[in-house]
Structures are given as structure tokens and as C-alpha cells.
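Below is one structure, written out as C-alpha cells; the observations come after it.
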Amino acid sequence: MPELPEVETTRRGIEPHLKGRTVHALHVHDARLRWPVDPKLPRLLRGQRIDRVERRAKYLLIRLTRGTLIMHLGMSGSLRVLAQDIARKTHDHLDLWLDSGQALRFNDPRRFGSCLYTTDDPHAHKLLAGLAPEPLQDEFDGEYLHRVTRRRRVAIKTLLLNGRLITGVGNIYASEALFHARIAPRRAARSLKPDESKRLAAAIRRVLAASIRAGGTTLRDYVNAAGLPGEFGVKLYVYERDGKPCRRCRTPIRHITQGQRSTYFCPECQR
DNA sequence: ATGGGCACCTGGCTGC
DNA sequence: TGCAGCCAGGTGCCCA
């Protein structure tokens, strides 16, 4: 479901309700997520205080007194805060009850999401250790992007989805960023010139920042921490617009498949 | 090291 | 109305 902006919007939505609270209970209704939820987790979490909620790439890190919950929303997951006990619906898998009487509820139809726990530095965790720099921090710029695309024969669109080189860019924003940078998705990554790498890095940052400002794009079933759809979705220029006129030049937007994922682009604007 | 393909899972939509 | 087929926001892992 969520790309980085949705995850960041979720983080901002839930943190005020979690920060400083004590875990009263964790109810696991279905442990079959991408990795099975540790059966010891309810016992481990009970009584711990939540210090803060961080985000690393598309992972949410719920920092507790003695450890960290590493959560991922996968393709279809969402988190919302409940003011009181509300009847569970299909695919409500986890409830984290707080001393405030509120609960953080995790829903995930496809169960590609995860909920792991570590008492070590979460950034050293196997899943996070190898991740590329945050796209909205200073290390990620045109020079960085240019460096990691050297000698890479893969299509630039495919490279954008490689979390070890670029984080936070999902399938929608990969197409969108390439459109704004006016770069054709099938170009070999290594063919990018320095100024193109610079444009693309800037486009990635702009598109992610704009979507965060808009409260996350409304993607099909996306809901924010209050259970409401993202209100002002960012305007998409190419994603799922195949056959429709390019917003810039009116040429029909094209759809292709790359690495088993859909790509959308304007054959006229993007070279 | 790099790149390609598959896997995990459910639901919604399309077309017969 | 029913059903098969295809597609969907992610990413770890196996293999060449």
C-alpha cells in the first residue's frame, strides 16, 4: 500500500498518541504476517513505555524502554489509533493497547507487512543495516545518485526500486519522479549524465516532500492514523494514466512492464 | 557484484 | 450470477 509519504504520514499521525504511553497489552489476532509475530511479544512489551516513533525508509520504529518494534506496512497494511474498543474487522491482526485506553490497530489484508522486535540497535538489524540513505536527507543528492548509477546496466526505473541504492521510492513515485526529471524509464542507469542525476535526485525529493505535505496520496484503500483516506492527494502526472494525454504535452501516456512492475511515462517529454 | 525472477497473500475488477 | 484470469502501493531470497 504505502510508499514513503504514507508511512511518514502514519508516523506523524500515531506518534502523539503513543509517545510517553505505557503498553498495557498486545493482542495478536493473527500472527501470520510476512514473518510470524513472536509468540513471546505480548509478554515482552507489557509494561514498557513508548519513547518515540521513528521512520527509516518505509519501516516504522516504535522505540520502547527496552527495545524497538520494527513495523512494515507491506503492500496493503495500515495503522490507526482507536479512541476505545471498536469491533474488529477482517484483517485486523494486531492491537497494541495503551494505558490511555487507546489502541494502535494494525490491519493488513495481504499480510506482507511485518512486526518484529529487537533489543539491539534497530538500525543494525539485518533488514535496516544495508539500506540506502534517506531520500530527504542531505546525503541523498545528485552526486550520490550519480555515483550509485555508475556501471549499472539496469533500467533506471528498476534501479529506483532497489532499496540498497535508493530508499523510499516505490512504484508510483518512481514513475512520477522520472517524468518530472524528463528521463525515460528504460534508460540504463549508467547512461545518466551528471545533470540528469541531479534532476532526478531533485525530482525524487520534490515528489516525496510534496506528497508528505499533502498527507500521503490517496491510494485505493489507504487510510491515515484516524482511519480516513488521505485528503489532498498529490497530483499524479503519469501513474495509471496510460492512454490519457500528458499533462505537459498532450501525447498519450504509455504503459510498460519492467521487472514485473508497471511503469508509466510520456514518450515525448521523457528521453 | 549484478540482475532477473519468484515468492509471500487477499481482494477487486474485467471479460466471458 | 459465476468464475477464471489478471492486477495491485514491497522486498527478501535464490539462482545464473
Side-chain angles (χ1 to χ4, degrees), chain A residues 1-11 29-37 55-60 70-79 88-94 106-116 125-132 135 147-178 185-191 204 207-208 211-212 214-224 229-230 233-234 236-243 255-264:
Chain A
M1 152 202 282
E3 296 210 19
L4 183 144
E6 288 75 21
V7 178
E8 177 60 20
T9 299
T10 298
R11 189 196 68 74
H29 306 293
D30 192 341
R32 298 172 304 161
L33 301 185
R34 179 157 194 194
W35 294 283
V37 177
R55 179 188 57 74
R56 173 71 176 104
K58 295 172 194 163
Y59 290 92
L60 286 168
I70 302 176
M71 301 195 71
H72 197 291
L73 302 179
M75 290 269 261
S76 58
S78 61
L79 284 168
R88 276 189 298 119
K89 299 212 173 95
T90 328
H91 310 307
D92 284 339
H93 305 314
L94 307 174
F106 177 72
N107 178 287
D108 185 7
R110 292 174 74 177
R111 286 189 278 116
F112 288 172
S114 51
C115 181
L116 302 171
H125 189 278
K126 188 183 171 189
L127 296 177
L128 306 195
L131 292 175
R147 188 161 14 102
V148 301
T149 50
R150 293 312 84 188
R151 296 188 274 41
R152 298 264 172 180
R153 297 164 184 272
V154 276
I156 184 61
K157 156 63 166 31
T158 303
L159 183 138
L160 290 183
L161 300 177
N162 181 344
R164 308 189 83 78
L165 303 175
I166 316 277
T167 58
V169 181
N171 202 41
I172 294 177
Y173 297 120
S175 283
E176 293 295 313
L178 284 165
R186 287 180 286 205
R187 293 263 307 275
R190 63 176 186 179
S191 76
I204 288 168
V207 94
L208 293 179
S211 178
I212 291 170
T217 308
T218 301
L219 305 161
R220 295 202 172 83
D221 48 3
Y222 173 73
V223 292
N224 61 23
V234 95
L236 297 179
Y237 280 74
V238 288
Y239 190 76
E240 285 188 335
R241 294 198 67 244
D242 48 322
H255 171 256
I256 57 172
T257 299
Q258 295 179 286
Q260 305 119 240
R261 310 299 301 277
S262 276
T263 300
Y264 301 86

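Note on naming: letters A, B, ... go to the chains in the order of the sequence lines (proteins, then strands), and numbering restarts at 1 for each one. Predicted model only: the values in this text are computed from it and were never measured.
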| Hey, does A/Arg32 reach any base, or is it just sugar-phosphate, or nothing, if we go heavy atoms under 4.0 Å? | nothing
| said: At less than 4.0 Å, is any side-chain N or O atom of A/Lys126 found next to OP1 or OP2 of C/dT11? Yes or no. | reply: no
| Toward the 5' end of DNA chain C, by each residue's nearest nucleotide, A/Arg110 or A/Gly168 | A/Arg110
| task | Name all residues meeting the ring pair (Phe, Tyr, Trp, His ring centres under 6.0 Å) criterion together with A/Phe112; count only those two or more places apart in sequence or in a different chain, and write none if there are none. | result | none
| query | Between A/Asn171 and A/Lys157, is any pair of side-chain heavy atoms under 4.5 Å apart? | reply | yes
| task | With sequence neighbours excluded, tell me which residues meet side chain to side chain contact (heavy atoms under 4.5 Å, CB included) with A/His29. | result | A/His27, A/Arg88, A/Asp95
| request: Verify the contact: side-chain N or O of A/Ser262 to OP1 or OP2 of C/dA8, cut-off strictly under 4.0 Å; return yes or no. | output: yes
| query | For DNA chain C, which consecutive runs of 3 or more Watson-Crick or G-U pairs (each distance under 3.5 Å) count as stems? | reply | B:2-8 with C:10-16, B:10-16 with C:2-8
| request: Could you tell me whether A/Arg34 contacts a base, only the sugar-phosphate backbone, or nothing, with contacts defined as non-hydrogen atoms closer than 4.0 Å? | output: base
| request: Please work out if A/Leu127 contacts a base, only the sugar-phosphate, or nothing of the nucleic acid, heavy-atom cut-off 4.0 Å. | output: sugar-phosphate
| query | Base, sugar-phosphate, or nothing for A/Gly163, non-hydrogen atoms under 4.0 angstrom? | reply | nothing
| field | Distance test, side-chain N/O of A/Tyr59 to OP1/OP2 of C/dG10, below 4.0 Å | value | no
| task | Measure the CG-CD1 distance between A/Leu4 and A/Ile172 for me, rounded to the nearest 0.5 Å. | result | 12.5 Å
| query | Under a criterion of less than 4.0 angstrom to any heavy atom of chain A, what are the 5'-terminal and 3'-terminal contacting nucleotides of DNA chain B? | reply | B/dT2 to B/dG11
| query | What residues, two or more places apart in sequence or in another chain, satisfy side chain to side chain contact (heavy atoms under 4.5 Å, CB included) together with A/His93? | reply | A/Asp30, A/Leu33, A/His91, A/Phe106, A/Asp108, A/Arg111
| Set of salt bridge (Lys or Arg N to Asp or Glu O under 4.0 Å) partners for A/Arg34, sequence neighbours left out | none
| request: With heavy atoms under 4.0 Å as the rule, sort A/Arg190 into base, sugar-phosphate or nothing. | output: nothing
| note | Whichever of A/Ala155 and A/Phe112 has the more 5' nearest nucleotide on DNA chain B, that residue is A/Ala155
| query | Looking only at atom P, what distance separates C/dC6 and B/dC6, rounded to whole Å? | reply | 14 Å
